[in-house]
Number of protein chains: 2
Amino acid sequence: MARTPPTKPRKNALQARSRATVDALVEATARILVREGFEKTSTNRIADIAGVSVGSLYQYFPSKEALVAAVIDRHNEEIMGLVRTALTEVADLPIDKAVRKLVTVAIEAHRINPKLHRVLAEQIPRTGQLADVEAFNREIHTLVRAYLESRRKEMRKVDVDVATFICVSAIEAVAHNTVLNETEVLSERMVRTLVDETTRMVVGYLR
Amino acid sequence: MARTPPTKPRKNALQARSRATVDALVEATARILVREGFEKTSTNRIADIAGVSVGSLYQYFPSKEALVAAVIDRHNEEIMGLVRTALTEVADLPIDKAVRKLVTVAIEAHRINPKLHRVLAEQIPRTGQLADVEAFNREIHTLVRAYLESRRKEMRKVDVDVATFICVSAIEAVAHNTVLNETEVLSERMVRTLVDETTRMVVGYLR
DNA sequence: CTATAATGCGAGCGATCACTCGCTTTTTCT
DNA sequence: AGAAAAAGCGAGTGATCGCTCGCATTATAG
């Protein structure tokens, strides 16, 4: 205890070189997930593609799970970036304009990296730390709820929590299924139709 | 080739005893999935819980995947049973009555075995044969589409495929999230509210 | 320049697990 | 009853894979 042992506390303190290593590892994980699927994604392979040794990998990520979690986090943060921005922009808009914007953003967000999104949704077992996607759902729920609360006078009498739940579920589902079903390129024409229709449904529901 | 070799073509022809074995295996798989999660579900363990040897397991199921697929199939058939029945019952009803019935059934269907449903949705990697959940979605889409087509005169002018897609996505999402979010027992009060609200949204959208 | 810390390496260990094979037991058929 | 087919058995095998450990290389401090 007297002497400071040169023990590495597993993953932290980064100087220049190591930051690049960490990035390379996360990037490699994402690429393998997309190109080969979750089953083929092994730590040895990740290290390999990242141009790094397994040993180094385990300096920064305590487990394979942690690596996948990092990819999920990065992806979710991209999505949440769009959503947060949209929700502040929308704060002063009436319901019809706001909903349209939110539906548009939801689909955009799902189109950021559709292949990765698909793999994350369909192949990653939500277990242990990976179960924390829930946190993002809670944040979205909170933000949307706050908006609806502030626009209550434009709405019919309705429980705001229930309305939030229904609207978020519906919008998310349409965006999700749109991206998953349409193999690759889905026309701008189609996207506009879906935005129109979903907006109509949700706005009609709220008023 | 001249002699009929007593080779078992791997899984088929069932006399009395073996049918029980197959059932026990599928049932055991479902139970382990629920109680221990997908990760802990190994073929040795399945055979163990089923009171059967691994050897026998592989007489009827060519792979672990096949076993899990059987569980998924059984569960989906239960759900599809309810949905098919509901859709025929509903054929002559006006949109508002029909949608209410369908929403109710959707939630009921998801409540058949919520824990299993959760595991299947969250922990099973949709890969290889397991990807065939899609077939059930197609059937639902077809059935709902046919109903909407037949009720076109009660509806505003709208592309029936798009409307089907939106309605099915929305209803399924609400049912799904309802069952997943509410930990265990969700009050009849809440269910009624959700049915009311979802029905309102969908009916409002269609007219 | 030397000492010390930080970063990187990769062969290989230990454990798990899907699956096989040679054999025994039970059922069916005649 | 006897034979043949069907069903059942479970120790063992081969391969995979997450992860460790002892050592090498590179950067920073004094």
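These numbers come from the heavy atoms of this one structure, side chains and all, not from hydrogens, waters or symmetry mates. All chains are named by letter (A, B, ...) in the order of the sequence lines, taking the proteins before the strands, and each is independently numbered beginning at 1.
Per the geometry, CZ belonging to A:R17 stands 5 Å off P belonging to D:dA27, to the nearest Å. Straight-line distance from the CG atom of A:L25 to the C1' atom of C:dG8: 11 Å, rounded to whole Å. Atom CZ in A:R19 sits about 15 Å away from atom P in C:dA6, given to the nearest Å. Note: CG (A:D48) to P (C:dA11) measures 11 Å, nearest angstrom. The CZ atom of A:F61 sits 15 Å away from the C1' atom of C:dT7 (whole-angstrom rounding).
Phosphate proximity of D:dC21 to A:Y58: absent, as no side-chain N or O sits under 4.0 Å from OP1 or OP2. For C:dC9, one of the phosphate oxygens OP1 or OP2 lies less than 4.0 angstrom from a side-chain nitrogen or oxygen of A:S53.
Annotation: the terminal axes of the helix from C:dC1-D:dG30 to C:dT30-D:dA1 meet at 10°, where each axis is the rotation carrying the C1' atoms of four end pairs onto the next four (5 pairs per end, rounded to 10°).
The A:S42 side chain lies nearest to D:dC17 when the options are D:dC19, D:dG8, D:dC17.
Under the rule for a side-chain hydrogen bond (donor to acceptor under 3.5 Å, both in side chains), the partners of A:R151 that lie at least two apart in sequence or sit in another chain are A:E154.
Nucleic acid contact for B:T43: base, since at least one base atom lies under 4.0 Å from a heavy atom of the residue.
The residue among B:T21 and B:N44 whose nearest nucleotide of DNA chain D lies closer to the 5′ end is B:T21.
Looking at B:R84 and B:E139, a side-chain N of the basic residue comes within less than 4.0 Å of a carboxylate O on the acidic one, giving a salt bridge.
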